[in-house]
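Report on the structure given below.
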Amino acid sequence: MKRVFSGVQPTGNLHLGNYLGAIKNFVSLQNDHECIYCVVDMHAITVRQDPKILKNNILEVAAAFVASGINPEKSIIFVQSQVSAHAELAWIFNCVARLGWLNRMTQFKEKAGKNRENASAGLYTYPVLMAADILAYHASHVPVGDDQRQHLELARDIAQKFNNDFKVDFFPITEPVIMGNATRVMSLRDGKNKMSKSDISDYSRLNLTDSADEISKKIRKAKTDPLPLPDLSCLDDEEKFKDDIIANRPEAVNLLNIYAALANENIKKVVSIFAEKQFSFFKNELNDISVEVLSPITAEMRKLIDDKAYLEDILNKGRENAHGMASPILKRTKEIVGFY
Ligand code: TYM
């Protein structure tokens, strides 16, 4: 059975992009894969976190996993910092990865911004820790949103270089799994920017904790353009939006993609349903489906967050299982490297 690994940072404001781009796919993979899903708190502290809030956010991500349908009896759910193999392997990989590779990481440049000198060293080596997360379990498949593509390429480079340097065939070359219509959900306020936990405008995203009223308000205020919705001529032969539509009508493209992902429909069908309709009509439909999909998850998350003991039990079991899987791989890695 193929082994799947993925992680979500406990940095608050879990949103529709996290759900559609990642967590929804985590759920669908668990039927025919061995799945390991991690709350990556060590990644979270690459930027400053309030310790009390971080602790709550860790439980919130675990609750979101379970509320979205990840079955803790089938899949491993655990917290990264509780399995020391991640940190240990990350150090070894820090000595395999090249500075030149890290210098090319676009997400570091975006997150560090203008004040690069003041960014943490952890933010810089962030993708090396990601490689350690995945490879500590010899995971072959990693479901993520499109923004993680470059990081996963780095994980492949690290695995390959380790294998070459030590003349072994030990670490697998991991495949990214970037699937569905919502691999890159954009902001509701600006279709050219990614929906993000850190956007200062809460109107830019649908949070997994939003009430039905908040969802409706945000969809009503979502940016659109003055034209009616596009017809099928906006799609190319591969049923993808044409470049000029993406460039000129990014909000329409984003909202249609979101609808398709929520409705589990292909984009051609969705475009044809709403072709030449007004945004006001489409927004009502989008609101209904958003509430229908997200409200049960939000309600279940609330229930789970109140049942801390249940969540902690899941995370404790997850830690044991994850530790059991990663330990022999770490041990062998240390032997290969020549540690005493
Ligand atoms: P994080 O916490 O930023 O995001 C969690 C997942 O959500 C996806 N995502 C999106 N997908 C579509 N549209 C969006 N607007 C959007 N925003 C976020 C992300 O691609 C991600 O899959 N580095 C990772 C966490 C991580 C990880 C790993 C992932 C740590 N170790 C090992 C895979 C394997 C991250 O920042 O996720």
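Keep in mind the model is a prediction, meaning the values are calculated, not measured. Just follow the structure's listing: the first ligand is 1, and inside any ligand the first atom is 1.
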### Task
Given side chain to side chain donor-acceptor pair (under 3.5 Å), test Asp231 with Ser233 step by step and report yes or no.
CA-CA 5 Å; Asp231 61 23; Ser233 66; 2.5 Å; yes

### Task
Please report the C-alpha distance between Asn264 and Lys24 in whole Å, then the side-chain angles of each, then the deciding distance to 0.1 Å, and finally whether the side chain to side chain donor-acceptor pair (under 3.5 Å) criterion is met.
CA-CA 11 Å; Asn264 289 319; Lys24 186 173 184 235; 2.6 Å; yes

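Heavy-atom proximity to Thr183, at under 4.0 Å, picks out these atoms of ligand 1: 11 (N), 12 (C), 13 (N). Below 4.0 Å from some heavy atom of His43 lie the following atoms of ligand 1, by number and element: 30 (C), 31 (N). Of all the atoms in ligand 1, the ones that sit under 4.0 Å from a non-hydrogen atom of Gln9 are 2 (O), 3 (O), 35 (C), 36 (O). Residue contact check: Phe5 has heavy atoms under 4.0 Å from atoms 32 (C), 34 (C) of ligand 1. Within the listing of ligand 1, atoms 11 (N), 12 (C) sit less than 4.0 angstrom from a heavy atom of Gly21. Within ligand 1, counting atoms from 1 as listed, the ones closer than 4.0 Å to a heavy atom of Arg184 are 12 (C), 13 (N). Close approach of ligand 1 to Val8 is summarised as follows: ligand atoms under 4.0 Å from at least one heavy atom of the residue are 2 (O), 5 (C). Within the listing of ligand 1, atoms 6 (C), 7 (O), 22 (O) sit less than 4.0 angstrom from a heavy atom of Ala22.
Between Glu285 and Lys277 there is no salt bridge, since no side-chain nitrogen of the basic residue lies less than 4.0 Å from a carboxylate oxygen of the acidic one. Contact check on Arg205 versus Asp199 returns no salt bridge, with no Lys/Arg side-chain nitrogen under 4.0 Å from an Asp/Glu carboxylate oxygen. Ion pairing of Arg156 with Glu175 is present here, as a side-chain N (NZ or NE/NH1/NH2) and a carboxylate O approach within less than 4.0 Å. One finds a salt bridge joining Asp165 and Lys161 here, because a Lys/Arg side-chain nitrogen approaches an Asp/Glu carboxylate oxygen to under 4.0 Å. Salt-bridge check for Glu320 with Lys317: failed, with every basic side-chain N at 4.0 Å or more from each acidic carboxylate O. A salt bridge does not link Glu214 with Lys218: none of the charged nitrogens is closer than 4.0 Å to a carboxylate oxygen.
For ligand 1, the polar-atom distance check against Gly17 finds a nitrogen or oxygen pair separated by under 3.5 Å. When only interatomic distances are considered, the shortest N/O to N/O separation between Gln148 and ligand 1 falls below 3.5 Å. Taking distance alone, with nitrogen or oxygen atoms compared against 3.5 Å, Ala182 stays at or beyond that limit from ligand 1. In terms of polar-atom proximity, defined here as any N/O pair under 3.5 Å, Gln107 makes no such contact with ligand 1. Considering backbone and side-chain atoms together, Asp133 places an N or O closer than 3.5 Å to an N or O of ligand 1. Remark: ligand 1 and Met195 share an N or O pair separated by less than 3.5 Å (distance only, no angle test). For ligand 1, the polar-atom distance check against Lys194 finds no nitrogen or oxygen pair separated by under 3.5 Å.
Taking atom 13 (N) of ligand 1 as the reference point, the nearest protein heavy-atom neighbour is Val185 N, 2.8 Å. When hydrogens are left out, the protein atom nearest atom 36 (O) of ligand 1 is Tyr126 OH, 2.6 Å; that is the closest non-hydrogen contact. Of all protein heavy atoms, the one closest to atom 22 (O) of ligand 1 is Gly145 N, 3.2 Å. In this structure, atom 25 (C) of ligand 1 lies nearest to the protein heavy atom Gly7 O, 3.4 Å.
Separating the CZ atom in Phe170 from the NE2 atom in His138 is a distance of 3.5 Å, to the nearest 0.5 Å.
Of the N and O atoms on the side chains of Tyr19 and Asn207, not one donor lies less than 3.5 Å from an acceptor on the other residue.
When atom types are taken as modelled, the side chain of Arg98 and the backbone of Cys95 share a donor-acceptor pair closer than 3.5 angstrom. Within the 3.5 Å criterion, the main-chain N or O of Asn13 finds no donor-acceptor partner in the side chain of Lys197. Judged by distance alone, with hydrogens and angles left aside, the side-chain atoms of Lys192 form a donor-acceptor pair with the main-chain N or O of Ala247 at under 3.5 Å. In this structure a side-chain-to-backbone donor-acceptor pair under 3.5 Å is missing from Ser295 to Glu292.
Here the shortest heavy-atom distance to atom 19 (C) of ligand 1, taken over Val40, Thr11, Asp147, Val144, belongs to Asp147. By heavy-atom distance, the residue among Leu14, Val177, Asn18 lying nearest atom 18 (C) of ligand 1 is Asn18.
Under 4.0 Å from ligand 1, not a single heavy atom of Leu20 appears. Of the heavy atoms in Lys197, only side-chain atoms (C-beta onward) come closer than 4.0 Å to ligand 1. Here Val142 has side-chain heavy atoms under 4.0 Å from ligand 1, and that is the only part of it that gets that close.
Contact between His15 and ligand 1 is present, with at least one heavy atom of the residue lying under 4.0 Å from the ligand.
Heavy-atom neighbours of Lys242 NZ from other residues, nucleotides or ligands within 6.0 Å: above the threshold of 12.
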